[in-house]
Amino acid sequence: MGDINHFEYGWITPALSYALSVLGSVLGLVCAGRIRTARTSGQRAWWGLLAAWALGGTAIWAMHFMAMLGFAVENTRIRYDVPLTVASTVIAVVAVGIGLAIVGTGRLNAVRLIAGGVFTGAGVAAMHYTGMAAMRLNGTLGYDTLRVALSVAIAVVAATVALWLAMTVRKGMAVFASALVMGIAVNGMHFTGMSALSVHRHEGANREVTGAGVSTLLVPIMLAVIFGVVGLLYALLAAPTDDDRAASAYLAGRRVAEPAAPTPAPDPVGLRARSTLGQPGTPFPSRRDTPPR
């Protein structure tokens, strides 16, 4: 059995992973709130895609990878299979996107919420164990069945609560408080699944471990997270809010209610500027008003 250390760098990696999950949850909840106010199917699809990326890509997958930076096994290097790592990202985003589509189309009810939560939770669990399967080390991974089942149950419950919050929460402080709870749930699922892991090292085998190192994957992943967060913030700031729409509707109503000002008749040769005869109330000129020469 290989000795496993989940916190090789102390509390830095779990603190950063929790911060990423909270950040992604805040952005995801705000984007999900725009789904409810979208007027067209295209707008709903756009905000659903952004919410899926924020929740699945940042709050779940980026959190998973950040926490994995602190994972180490004694006397063996850890590498990652790049295609499987990318596949785990796609699984997380697609699972959250389908869950949002299930609860976001039509009226929210218990059947839709449970169905979306089960599908999304299963997808999150699949993302986690796909990411674990992407690890390459000098040993064999084993799992405790009971703890794996517990982690899947936590993922389903967390996903159901997250979808319910995404469809109901609107206020700023409520969104932030919900994101804190979601961060705890996502991290709880991750570390529960990690506690089910055991590593059986290959004694006496000097097999070369292939794959990408953590330092190789860290830069592109962090760049993707940074650009993704900046893009989400830009999309949120550029989109009109409910207050903006209400103000536009009010101004449009005022323009319809107020009568239009009369348009003056055309004066192509400029007589109106040179004469006062056309002005109302102007007396007709008389010869008596002409000064003597």
Side-chain angles (χ1 to χ4, degrees), residues 16-66 89-106 108 113 116-117 120 123-124 127 158-187 220-252:
L16 290 176
S17 66
Y18 179 73
L20 277 175
S21 62
V22 171
L23 175 62
S25 298
V26 169
L27 295 174
L29 289 174
V30 175
C31 291
R34 299 297 178 91
I35 299 175
R36 299 191 298 269
T37 59
R39 299 183 177 181
T40 64
S41 58
Q43 291 178 351
R44 285 191 291 271
W46 169 247
W47 288 115
L49 178 63
L50 294 181
W53 172 254
L55 291 172
T58 302
I60 297 173
W61 185 84
M63 169 267 147
H64 167 85
F65 189 84
M66 182 59 65
T89 311
V90 176
I91 290 172
V93 175
V94 171
V96 174
I98 294 177
L100 288 171
I102 292 174
V103 301
T105 55
L108 181 64
L113 183 61
T120 305
V124 171
M127 178 281 305
T160 304
V161 173
L163 292 176
W164 178 76
L165 292 173
M167 293 294 106
T168 56
V169 174
R170 292 189 180 186
K171 301 298 183 180
M173 289 304 299
V175 168
F176 183 70
S178 301
L180 294 177
V181 175
M182 289 173 62
I184 295 174
V186 172
N187 281 265
I221 288 173
M222 293 309 298
L223 287 177
V225 170
I226 291 172
F227 283 112
V229 170
V230 171
L232 288 168
L233 289 174
Y234 177 79
L236 289 170
L237 293 175
T241 62
D242 293 339
D243 293 337
D244 296 333
R245 295 190 185 95
S248 300
Y250 173 77
L251 293 176

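Fair warning: this is a prediction, and the values are worked out from it, not measured in the lab.
Between Cys31 and Leu232, the shortest heavy-atom contact is SG-CD2, 4.1 Å. Counting all heavy atoms, side chain and backbone alike, Gly28 lies closest to Ala51 at O-CB, 3.8 Å. Closest approach of Gly183 and Ser21 over heavy atoms only: CA-OG, 3.4 Å. The two residues Thr160 and Gly117 make their nearest non-hydrogen contact at OG1-CA, 3.2 Å. Shortest non-hydrogen contact noted between Val169 and Ser178 is CG2-OG, 3.7 Å. For Gly116 against Ile102, the heavy-atom pair with the smallest separation is N-CG2, 3.9 Å.
You'll find the side chain of Leu27 reaches within 4.5 Å of the side chain of Leu233, heavy atoms only. The shortest distance between side-chain heavy atoms of Ile98 and Thr120 does not fall below 4.5 Å. Leu236 has its side chain within reach of Trp47: a pair of non-hydrogen atoms, C-beta onward, lies under 4.5 Å apart.
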- Task: Show your reasoning for whether side chain to side chain contact (heavy atoms under 4.5 Å, CB included) applies to Met127 and Val90.
- Result: CA-CA 8 Å; Met127 178 281 305; Val90 176; over 6 Å; no

- Task: For Met182 and Leu55, run side chain to side chain contact (heavy atoms under 4.5 Å, CB included): C-alpha distance rounded to whole Å, both residues' side-chain angles, the deciding distance at 0.1 Å, then the answer.
- Result: CA-CA 10 Å; Met182 289 173 62; Leu55 291 172; 3.7 Å; yes

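Remark: the backbone N or O of Val186 is not paired with any side-chain donor or acceptor of Tyr18 at under 3.5 angstrom.
A distance of 15.0 Å separates CH2 in Trp46 from OG in Ser41, rounded to the nearest 0.5 Å. Distance check, rounded to the nearest 0.5 Å: CD1 of Ile35 to CG of Leu50 gives 9.0 Å. From Arg34, atom CZ reaches atom CG of Leu29 across 13.0 Å, with rounding to the nearest 0.5 Å. Considering CD1 of Ile226 and CD1 of Ile221, their distance stands at 12.0 Å, rounded to 0.5 Å. We find the CG-OG1 distance between Leu165 and Thr168 to be 5.5 Å, quoted to the nearest 0.5 Å. The structure places CG of Leu108 at 9.5 Å from CH2 of Trp164, a figure rounded to the nearest 0.5 Å.
Remark: Trp61 engages Phe65 in a ring-ring contact (aromatic ring centres under 6.0 Å, His included) (not counting sequence neighbours).
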